[in-house]
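As the structure is a computational prediction, the values presented were derived from the model and not from experiment.
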Amino acid sequence: MLNMKIRKPSATASIWSSGKVTVTGPTLRTAAASPLEELPDLCKKLDFLFKIVNVLGTCSLPFGIKLTDFSRENIGKVQYEPELHPGATYRIADISATLKIFSTGSITITAPKVQNIQLAVEHVFPLVYPFRKPKKSDPREIEYIRDLLEDENLRLYLKF
């Protein structure tokens with residue numbers, strides 16, 4: 001494995017002997033593009049073929065999710081085995097995205113393109129919203145949810 005450290009933005013590219021490259025560190029889409037722009041030149045020097053296969057994204061919802069109820073309501077689309085893994089797996093076939101949804105409201109998305117990650121979050125949000133539960137760790141979260149419920153644009157989006 002070859003590690004390529006980039007200072008601005010702070011990122012690390014791990015280049016494996018199989019030709020696979022993993023870029024970690026950037027938290028913004030624009031910041032992630034910078035190390036990826038430098039990699040094709042390096043790959044040409046090393047005689048590697050360069051192709052982006054998957055992109056990983058995460059988001060944290062301002063509420064927790066009742067995973068048991070969510071998985072019961074979406075049988076066939078959700079795989080949830082709490083004895084094996086704490087997250088529910090939700091697959092969206094038409095955009096080739098896989099989401100790991102956790103009871104804390106954290107979602108991890110794997111998709112072939114950055115645009116598909118955004119589409120996946122927009123797709124799953126209305127599905128998990130009815131199964132929300134307030135996070136117990138911070139009382140300010142409840143106020144934030146109340147503000148969200150009063151937002152007219154969100155009401156139109158969720159159609160309630």
Return the orientation label for the Y129 and F63 ring planes: parallel under 30°, perpendicular over 60°, tilted otherwise. perpendicular

With a 4.5 Å cut-off on side-chain heavy atoms, are T68 and F131 touching? no

What pair of heavy atoms forms the shortest contact from I109 to A120, and how long is it? CG2-CB, 3.9 Å

If you round to the nearest 0.5 Å, how far is NZ of K5 from OG of S14? 8.0 Å

CA sep, side-chain torsions, deciding dist, call: I65, S103, side-chain contact (heavy atoms from CB on, under 4.5 Å): CA-CA 5 Å; I65 302 167; S103 63; 5.6 Å; no

Looking at every non-hydrogen atom in both residues, tell me the closest pair between P112 and S96 and how far apart they are. CD-O, 3.2 Å

I107-L119 co-clustered via ILVMFWY side chain contacts under 4.5 Å: yes

Return the minimal non-hydrogen interatomic distance between N116 and I95, and the atom names on each side. ND2-O, 2.8 Å

Determine the minimum heavy-atom distance between L67 and G87, stating which atoms define it. CD1-CA, 4.4 Å

Given H85 and Q79, is the side-chain contact (heavy atoms from CB on, under 4.5 Å) satisfied, shown in steps? CA-CA 10 Å; H85 185 66; Q79 294 175 346; over 6 Å; no

Mind checking whether V121 and Q118 have side chains closer than 4.5 Å, heavy atoms only? no

Take Y80 and I101, measure what side-chain contact (heavy atoms from CB on, under 4.5 Å) needs, and give me the verdict at the end. CA-CA 9 Å; Y80 180 52; I101 305 169; over 6 Å; no

Please collect all salt bridge (Lys or Arg N to Asp or Glu O under 4.0 Å) contacts where either partner lies in residues 70-80, sequence neighbours excluded, each pair once. D69-R72

With the 4.5 Å side-chain cut-off for hydrophobic clustering, are V55 and Y90 part of the same group? yes

Sorted by first residue and then second, give each salt bridge (Lys or Arg N to Asp or Glu O under 4.0 Å) pair with at least one member in residues 93-116; sequence neighbours left out. none

Under a 4.5 Å side-chain heavy-atom rule over Ile, Leu, Val, Met, Phe, Trp and Tyr, are V114 and L99 clustered together? yes

